[in-house]
Amino acid sequence: MSTISYIKNILTDPDIASITPTSKWGVRNICQSIDFNSRNVVIEYGPGTGVFTKYLHSKLTPESKVILIEKNKNFVTILKDAFKHHPNVFIYRESAETVNDLLKECEEKCANYVLSGIPFSFFDDQLRDRIVSNTYSVLDDGGVFLPYQTFFQKDEHLKEYLLNYFEEVEDQYYLFNLPPMRTYMATKRVRLH
Ligand SMILES: C[S@@+](CC[C@H](N)C(=O)[O-])C[C@H]1O[C@@H](n2cnc3c(N)ncnc32)[C@H](O)[C@@H]1O
(Lines give C-alpha, C1' and ligand atoms only; values in the text may rest on other atoms or scores of the structure.)
Protein backbone atom coordinates (compact mmCIF):
# COMPACT_ATOMS: atom_id res chain seq x y z
CA MET A 1 0.00 0.00 0.00
CA SER A 2 2.72 2.46 0.98
CA THR A 3 4.87 1.46 -2.00
CA ILE A 4 1.93 2.18 -4.32
CA SER A 5 1.48 5.63 -2.70
CA TYR A 6 5.19 6.36 -3.17
CA ILE A 7 5.20 5.33 -6.83
CA LYS A 8 2.02 7.34 -7.58
CA ASN A 9 3.30 10.47 -5.86
CA ILE A 10 6.93 10.46 -7.00
CA LEU A 11 5.73 10.99 -10.59
CA THR A 12 4.58 14.51 -9.69
CA ASP A 13 6.89 15.20 -6.72
CA PRO A 14 10.56 14.18 -7.22
CA ASP A 15 11.43 15.33 -3.66
CA ILE A 16 9.85 12.08 -2.43
CA ALA A 17 13.16 10.60 -3.63
CA SER A 18 12.20 6.95 -3.09
CA ILE A 19 9.75 4.42 -4.50
CA THR A 20 9.30 2.50 -1.28
CA PRO A 21 9.34 3.23 2.46
CA THR A 22 12.28 2.37 4.72
CA SER A 23 12.31 -1.34 5.69
CA LYS A 24 11.24 -2.37 9.19
CA TRP A 25 14.86 -3.42 9.91
CA GLY A 26 16.04 0.01 8.77
CA VAL A 27 13.52 1.74 11.03
CA ARG A 28 14.65 -0.30 14.06
CA ASN A 29 18.30 0.23 13.27
CA ILE A 30 17.92 4.02 13.04
CA CYS A 31 15.77 4.21 16.20
CA GLN A 32 18.06 2.05 18.34
CA SER A 33 19.75 5.07 19.95
CA ILE A 34 16.41 6.50 21.19
CA ASP A 35 15.74 6.19 24.91
CA PHE A 36 12.13 4.97 24.94
CA ASN A 37 11.92 5.01 28.76
CA SER A 38 11.75 8.80 29.22
CA ARG A 39 9.44 11.52 27.95
CA ASN A 40 10.73 12.70 24.59
CA VAL A 41 9.94 15.28 21.98
CA VAL A 42 10.71 13.68 18.62
CA ILE A 43 10.57 15.57 15.32
CA GLU A 44 10.43 13.81 11.96
CA TYR A 45 11.34 15.51 8.69
CA GLY A 46 9.76 13.79 5.68
CA PRO A 47 7.74 11.07 7.42
CA GLY A 48 6.19 9.99 4.10
CA THR A 49 3.31 7.63 4.91
CA GLY A 50 4.48 7.20 8.52
CA VAL A 51 6.64 4.08 8.66
CA PHE A 52 8.85 5.59 11.41
CA THR A 53 5.93 7.38 13.08
CA LYS A 54 4.03 4.11 13.68
CA TYR A 55 7.11 2.52 15.27
CA LEU A 56 7.87 5.60 17.39
CA HIS A 57 4.27 5.89 18.52
CA SER A 58 4.22 2.26 19.64
CA LYS A 59 7.41 2.66 21.70
CA LEU A 60 7.36 6.20 23.15
CA THR A 61 5.83 6.99 26.56
CA PRO A 62 2.28 8.45 26.43
CA GLU A 63 3.53 11.93 27.53
CA SER A 64 5.97 12.11 24.61
CA LYS A 65 5.24 14.17 21.51
CA VAL A 66 5.93 13.40 17.84
CA ILE A 67 6.04 16.37 15.46
CA LEU A 68 5.81 15.52 11.75
CA ILE A 69 6.98 17.97 9.07
CA GLU A 70 6.07 16.73 5.60
CA LYS A 71 5.98 18.75 2.38
CA ASN A 72 3.89 16.43 0.21
CA LYS A 73 0.16 17.19 0.40
CA ASN A 74 -1.02 13.62 -0.33
CA PHE A 75 1.26 12.14 2.34
CA VAL A 76 -0.02 14.70 4.85
CA THR A 77 -3.59 13.55 4.12
CA ILE A 78 -2.55 9.91 4.71
CA LEU A 79 -0.75 10.85 7.96
CA LYS A 80 -3.70 12.92 9.26
CA ASP A 81 -6.00 9.97 8.68
CA ALA A 82 -3.63 7.41 10.24
CA PHE A 83 -2.98 9.48 13.39
CA LYS A 84 -6.34 11.23 13.83
CA HIS A 85 -6.90 9.54 17.20
CA HIS A 86 -3.43 10.31 18.52
CA PRO A 87 -3.33 13.75 20.18
CA ASN A 88 0.42 13.52 20.82
CA VAL A 89 1.20 13.36 17.07
CA PHE A 90 1.33 16.84 15.48
CA ILE A 91 1.27 17.00 11.68
CA TYR A 92 2.37 19.96 9.54
CA ARG A 93 2.44 20.40 5.78
CA GLU A 94 5.64 22.42 5.76
CA SER A 95 9.28 22.27 4.79
CA ALA A 96 11.84 21.13 7.36
CA GLU A 97 13.54 24.52 7.66
CA THR A 98 10.46 25.92 9.48
CA VAL A 99 11.14 23.63 12.44
CA ASN A 100 11.75 26.44 14.98
CA ASP A 101 8.29 27.95 14.50
CA LEU A 102 6.55 24.57 14.52
CA LEU A 103 8.22 23.51 17.77
CA LYS A 104 6.91 26.73 19.37
CA GLU A 105 3.41 25.99 18.04
CA CYS A 106 3.59 22.66 19.85
CA GLU A 107 4.50 24.55 23.05
CA GLU A 108 7.90 22.90 23.40
CA LYS A 109 11.23 24.66 23.99
CA CYS A 110 13.44 21.95 22.52
CA ALA A 111 13.49 18.46 21.03
CA ASN A 112 15.37 15.34 22.12
CA TYR A 113 15.57 13.70 18.69
CA VAL A 114 15.13 14.77 15.07
CA LEU A 115 14.78 11.97 12.50
CA SER A 116 15.07 12.87 8.85
CA GLY A 117 14.47 11.09 5.54
CA ILE A 118 14.49 14.23 3.39
CA PRO A 119 16.85 14.10 0.38
CA PHE A 120 19.71 16.48 1.25
CA SER A 121 21.49 15.72 -2.04
CA PHE A 122 18.58 17.38 -3.92
CA PHE A 123 18.90 20.68 -2.02
CA ASP A 124 21.12 23.68 -2.70
CA ASP A 125 23.91 24.66 -0.26
CA GLN A 126 21.88 27.38 1.48
CA LEU A 127 18.92 25.11 2.18
CA ARG A 128 21.15 22.31 3.51
CA ASP A 129 22.91 24.76 5.79
CA ARG A 130 19.64 26.28 7.02
CA ILE A 131 18.08 22.91 7.81
CA VAL A 132 21.14 21.60 9.68
CA SER A 133 21.62 24.88 11.58
CA ASN A 134 17.92 25.11 12.54
CA THR A 135 17.97 21.46 13.61
CA TYR A 136 20.95 22.11 15.87
CA SER A 137 19.16 25.11 17.38
CA VAL A 138 15.98 23.17 18.29
CA LEU A 139 17.81 20.27 19.96
CA ASP A 140 18.34 20.09 23.71
CA ASP A 141 21.85 19.54 25.08
CA GLY A 142 22.51 15.83 24.41
CA GLY A 143 19.86 15.87 21.66
CA VAL A 144 20.47 13.76 18.58
CA PHE A 145 19.88 14.34 14.86
CA LEU A 146 19.35 11.05 12.97
CA PRO A 147 19.28 11.59 9.19
CA TYR A 148 19.14 8.56 6.88
CA GLN A 149 20.04 8.87 3.21
CA THR A 150 20.78 6.62 0.23
CA PHE A 151 24.15 4.84 0.45
CA PHE A 152 25.84 6.73 -2.41
CA GLN A 153 25.47 10.11 -0.72
CA LYS A 154 28.66 12.18 -0.72
CA ASP A 155 30.08 13.93 2.37
CA GLU A 156 29.47 17.30 0.68
CA HIS A 157 25.71 16.62 0.63
CA LEU A 158 25.32 16.31 4.40
CA LYS A 159 28.24 15.13 6.55
CA GLU A 160 30.25 18.33 6.05
CA TYR A 161 27.27 20.39 7.23
CA LEU A 162 26.80 18.17 10.28
CA LEU A 163 30.49 18.60 11.17
CA ASN A 164 30.09 22.40 10.95
CA TYR A 165 27.49 22.43 13.73
CA PHE A 166 27.45 19.24 15.82
CA GLU A 167 30.05 18.32 18.42
CA GLU A 168 29.86 14.57 17.64
CA VAL A 169 29.11 13.05 14.23
CA GLU A 170 29.11 9.33 13.36
CA ASP A 171 27.97 7.64 10.17
CA GLN A 172 27.60 4.10 8.88
CA TYR A 173 26.29 2.12 5.94
CA TYR A 174 23.22 -0.04 6.49
CA LEU A 175 22.62 -2.79 3.92
CA PHE A 176 19.26 -4.31 4.98
CA ASN A 177 17.21 -1.78 3.07
CA LEU A 178 16.40 -1.18 -0.59
CA PRO A 179 18.37 0.80 -1.57
CA PRO A 180 21.04 0.47 1.18
CA MET A 181 21.34 3.52 3.40
CA ARG A 182 23.94 5.84 4.79
CA THR A 183 22.84 6.73 8.32
CA TYR A 184 24.17 9.47 10.59
CA MET A 185 24.07 10.20 14.30
CA ALA A 186 24.92 13.83 15.13
CA THR A 187 24.86 14.78 18.82
CA LYS A 188 24.66 18.26 20.32
CA ARG A 189 26.92 18.69 23.36
CA VAL A 190 26.94 22.14 24.82
CA ARG A 191 30.14 22.47 26.82
CA LEU A 192 29.76 24.50 30.00
CA HIS A 193 33.42 24.95 31.05
C1 LIG B 1 12.76 9.20 0.93
S2 LIG B 1 11.16 9.74 1.49
C3 LIG B 1 11.24 9.08 3.17
C4 LIG B 1 9.88 8.71 3.71
C5 LIG B 1 9.86 7.94 5.02
N6 LIG B 1 10.43 8.72 6.09
C7 LIG B 1 10.56 6.62 4.92
O8 LIG B 1 11.58 6.45 5.59
O9 LIG B 1 10.11 5.75 4.19
C10 LIG B 1 11.44 11.51 1.70
C11 LIG B 1 10.26 12.27 2.25
O12 LIG B 1 10.69 13.61 2.52
C13 LIG B 1 9.68 14.53 2.09
N14 LIG B 1 10.36 15.83 1.88
C15 LIG B 1 11.23 16.16 0.89
N16 LIG B 1 11.72 17.40 1.09
C17 LIG B 1 11.17 17.86 2.25
C18 LIG B 1 11.31 19.06 3.01
N19 LIG B 1 12.12 20.06 2.60
N20 LIG B 1 10.61 19.18 4.16
C21 LIG B 1 9.79 18.19 4.58
N22 LIG B 1 9.60 17.03 3.90
C23 LIG B 1 10.30 16.85 2.76
C24 LIG B 1 9.10 13.87 0.84
O25 LIG B 1 7.83 14.39 0.52
C26 LIG B 1 9.08 12.40 1.30
O27 LIG B 1 7.90 12.11 2.01
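Residue numbers run from 1 in the order of the sequence given. Order of appearance sets the numbers: ligands from 1, and atoms from 1 within every ligand.
With hydrogens and angles left out, the side-chain atoms of Thr135 and Tyr165 include no donor and acceptor closer than 3.5 Å. Between the side chains of Gln149 and Ser121, no donor N or O sits under 3.5 Å from an acceptor N or O. Under 3.5 Å, the side chains of Thr49 and Ser5 contain no donor-acceptor pair of N or O atoms. Remark: the Asn29 side chain and the Tyr148 side chain contain no N/O donor-acceptor pair separated by less than 3.5 Å. Side chains of Thr61 and Ser64: a donor-acceptor N/O pair is present below 3.5 angstrom, by distance only.
Atom numbering of ligand 1 starts at 1 in the shown order; those under 4.0 Å from a heavy atom of Asp15 are 15 (C), 24 (C). Taking every non-hydrogen atom of Phe75 and a distance limit under 4.0 Å, the qualifying atoms of ligand 1 come out as 27 (O). Heavy-atom contacts of Ile16 reach the following atoms of ligand 1: 1 (C), 2 (S), 10 (C), 24 (C), 25 (O), 26 (C) (cutoff under 4.0 Å). Shown in contact with Pro47 at under 4.0 Å from a heavy atom are these atoms of ligand 1, numbered in order with element: 5 (C), 6 (N). Atoms of ligand 1 lying under 4.0 Å from at least one heavy atom of Pro119, given by number and element, are 15 (C), 16 (N). Of all the atoms in ligand 1, the ones that sit under 4.0 Å from a non-hydrogen atom of Glu94 are 20 (N), 21 (C). Which parts of ligand 1 touch Val51 is read off a 4.0 Å heavy-atom cut-off, strictly below it: atoms 7 (C), 8 (O), 9 (O). Annotation for ligand 1: atoms under 4.0 Å from non-hydrogen atoms of Pro21 are 9 (O).
Nearest protein neighbour of atom 17 (C) of ligand 1, counting heavy atoms only, is Ile118 CG2, 3.5 Å. Looking only at heavy atoms of the protein, atom 8 (O) of ligand 1 is closest to Thr22 OG1, 2.5 Å. Of the protein's non-hydrogen atoms, Ile69 O, 3.5 Å is the one closest to atom 21 (C) of ligand 1. Remark: minimum distance from atom 20 (N) of ligand 1 to any protein heavy atom is reached at Ala96 N, 3.0 Å.
Taking the ring centre of Tyr55 as origin, the terminal cationic atom of Lys24 falls outside the region bounded by 6.0 Å and 45° from the ring axis.
Considering backbone and side-chain N/O of Tyr148, one or more are found under 3.5 Å from N/O of ligand 1. Polar contact with ligand 1: present for Tyr6 (N/O pair, distance under 3.5 Å).
Considering only non-hydrogen atoms, atom 24 (C) of ligand 1 lies nearest to Glu70 out of Lys71, Arg93, Met181, Glu70. Nearest to atom 19 (N) of ligand 1 by heavy atom, out of Gly50, Gly46, Ser95, is Ser95. Counting only non-hydrogen atoms, the option in Phe123, Phe52, Phe122 that gets closest to atom 16 (N) of ligand 1 is Phe123.
Using cut-offs of 30° and 60° for the angle between ring planes, the Phe145 and Phe166 rings count as parallel.
A salt bridge links Lys65 and Glu108; the closest N-O separation between the charged side-chain nitrogens and carboxylate oxygens is under 4.0 Å. Under a 4.0 Å N-O distance rule, the pair Arg39/Glu63 does not qualify as a salt bridge. Between Asp171 and Lys159 there is a salt bridge, with a side-chain nitrogen of the basic residue lying less than 4.0 Å from a carboxylate oxygen of the acidic one.
In this structure, the side chain of Tyr113 engages the main chain of Asp35 through a donor-acceptor pair within 3.5 Å.
Using a non-hydrogen distance threshold of 4.0 Å, Glu97 does not register as a contact of ligand 1.
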